[in-house]
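Every number for a ligand or one of its atoms is a count from 1 in the order of the listing.
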Amino acid sequence: MYDIIIVGAGPAGLTSALYARRANKKVLVLEANTYGGQITNSSRVENYPGIEFISGFDFATNLYNQVLKLGAEIKFETVIRIEKDKTVVTNKNTYSAKSVIIATGSKNRKLNIKNEDKFIGSGISYCATCDGNFYKDKIVAINGGGNTALEDALYLSNIASKVYVIHRRDKFTGDKKYIDELNNKDNVEYIFNSVIISINGVDKLESISIKNKDNEEKTINVDGLFIAIGREPNNQMFYNVVNIDKTGYIISKDNVHTKTKGIYVAGDARVKDLRQLTTAVSDGSIAATIAIKEMKE
Ligand code: NAP
């Protein structure tokens with residue numbers, strides 16, 4: 001029996017593990033993919049207090065190693081279900097705990113158009129820092145207008161020969177700092193008021209077709225398409241123990257309480273105003289601290 005099982009090894013989940021281990025609790029972290037969550041896609045984190053600059057991957061790796069050193073168990077298994085009695089069922093095992101913290105974050109939003117899945121790994125990517133190097137001196141497009149898209153565009157502008165940034169609005173919603181930097185790049189071209197209507201190719205991505213708000217269509221030859229149109233939660237499997245809003249995020253009370261006693265939520269998986277690294281680690285520390293306090297009660 002574990003004191004706390006944490007579902008998700010992103011910044012929120014790993015921070016919960018850090019706090020729980022420092023309180024000497026028996027901790028298991030369950031992660032379906034790789035540790036670190038979405039911050040590992042960020043080539044530069046410059047807004048974490050006390051750290052002027054760090055790559056998202058380095059941040060996540062430091063946190064992961066810190067938690068392992070403190071004695072948390074981390075297993076790479078996919079959680080399928082959580083029962084009210086805090087039994088956690090994965091694709092491989094069944095575990096029981098006194099408390100559970102759900103820190104599942106979110107997954108990449110898809111365009112949901114033909115060939116998107118087929119060309120993942122052969123032209124389509126959701127992570128510029130992971131796959132950017134495959135596009136040295138090639139032509140790439142990025143879809144999206146938030147910070148991820150702008151950060152990806154900056155990163156890829158140093159690798160690819162040409163970078164198109166395609167956005168459905170007439171201006172970007174990401175930080176001015178990134179826009180100012182991008183404006184100084186002569187291999188970056190913005191295509192506003194446009195959406196991607198088809199992804200074309202035989203065995204790999206060859207071109208994309210876009211349509212603007214006047215319904216004019218055009219096809220652009222590209223070697224890579226980086227889709228950076230935000231994230232979506234992945235909480236449907238927890239419906240029996242938490243309340244979920246219409247967009248799929250977990251509704252919490254006092255930040256981290258769910259509707260089930262002893263089951264908590266932390267990080268991007270919950271309804272909240274600001275989804276950032278700072279707020280994820282904040283949630284993680286609060287969830288663990290409250291779980292430990294309520295376990296004693
Ligand atoms: P985001 O801010 O939600 O931006 C998503 C972008 O994709 C928006 O431009 C949105 O357009 C567009 N979009 C959404 N659905 C679309 C669709 N179906 N087709 C075409 N375009 C679509 O997501 P994000 O950029 O991934 O950022 C997520 C959070 O992480 C934000 O809070 C961001 O500030 C933060 N972040 C921070 C950093 C950093 O500080 N270094 C880096 C990356 C991300 P509309 O505006 O029209 O909806």
*Does R44 come within less than 4.0 Å of ligand 1, judged by its heavy atoms?*
yes
*Is the closest N or O pair between E151 and ligand 1 shorter than 3.5 Å?*
yes
*What protein heavy atom sits nearest atom 3 (O) of ligand 1, and how far away is it?*
G230 CA, 4.1 Å
*asked:* Just to check, does N47 reach to within less than 4.0 Å of ligand 1 when the distance is taken from its heavy atoms?
replied: yes
*Return yes or no for this condition: an N or O of R169 is under 3.5 Å from an N or O of ligand 1.*
yes
*Looking only at protein heavy atoms, identify the closest one to atom 34 (O) of ligand 1 and say how far it is in Å.*
N147 ND2, 2.9 Å
*List every atom of ligand 1 that sits less than 4.0 Å from any heavy atom of H167, numbering the atoms from 1 in the order shown and giving each element.*
9 (O), 11 (O)
*Indicate the ring-plane relationship of F172 and Y190, choosing parallel, tilted or perpendicular according to the 30° and 60° boundaries.*
perpendicular
*Ignoring angles and geometry beyond distance, decide whether G145 reaches within less than 3.5 Å of ligand 1 through its nitrogen or oxygen atoms.*
yes
If you look only at distance, which donor and acceptor atoms sit under 3.5 Å apart when one is on a side chain in residues 22-34 and the other is two or more places apart or in another chain?
{"residue": "E31", "atom": "OE1", "partner": "A9", "partner atom": "N", "Å": "2.7"}
{"residue": "E31", "atom": "OE2", "partner": "N33", "partner atom": "N", "Å": "2.8"}

*Which atoms from ligand 1 have a heavy atom of Y178 less than 4.0 Å away?*
39 (C), 41 (N)
*Distance filter under 4.0 Å to Q276 heavy atoms, resulting ligand 1 atoms*: 32 (O), 33 (C), 34 (O), 35 (C), 37 (C)
_Closest approach of any protein heavy atom to atom 43 (C) of ligand 1, naming residue and atom_ = T148 OG1, 3.4 Å
*For ligand 1, which atoms have a heavy atom of R275 less than 4.0 angstrom away?*
32 (O)
*Kindly indicate whether the side chain of E116, heavy atoms from C-beta on, has any atom under 4.5 Å from the side chain of I227.*
yes
*Taking side-chain contact (heavy atoms from CB on, under 4.5 Å) as the test, write out the residues that go with D117, two or more places apart.*
K110, I120
*Report yes or no: does Y48 have a heavy atom closer than 4.0 Å to ligand 1?*
no
*Using a strict 4.0 Å cut-off to heavy atoms of R109, name the atoms of ligand 1 that fall inside it.*
14 (C), 15 (N)
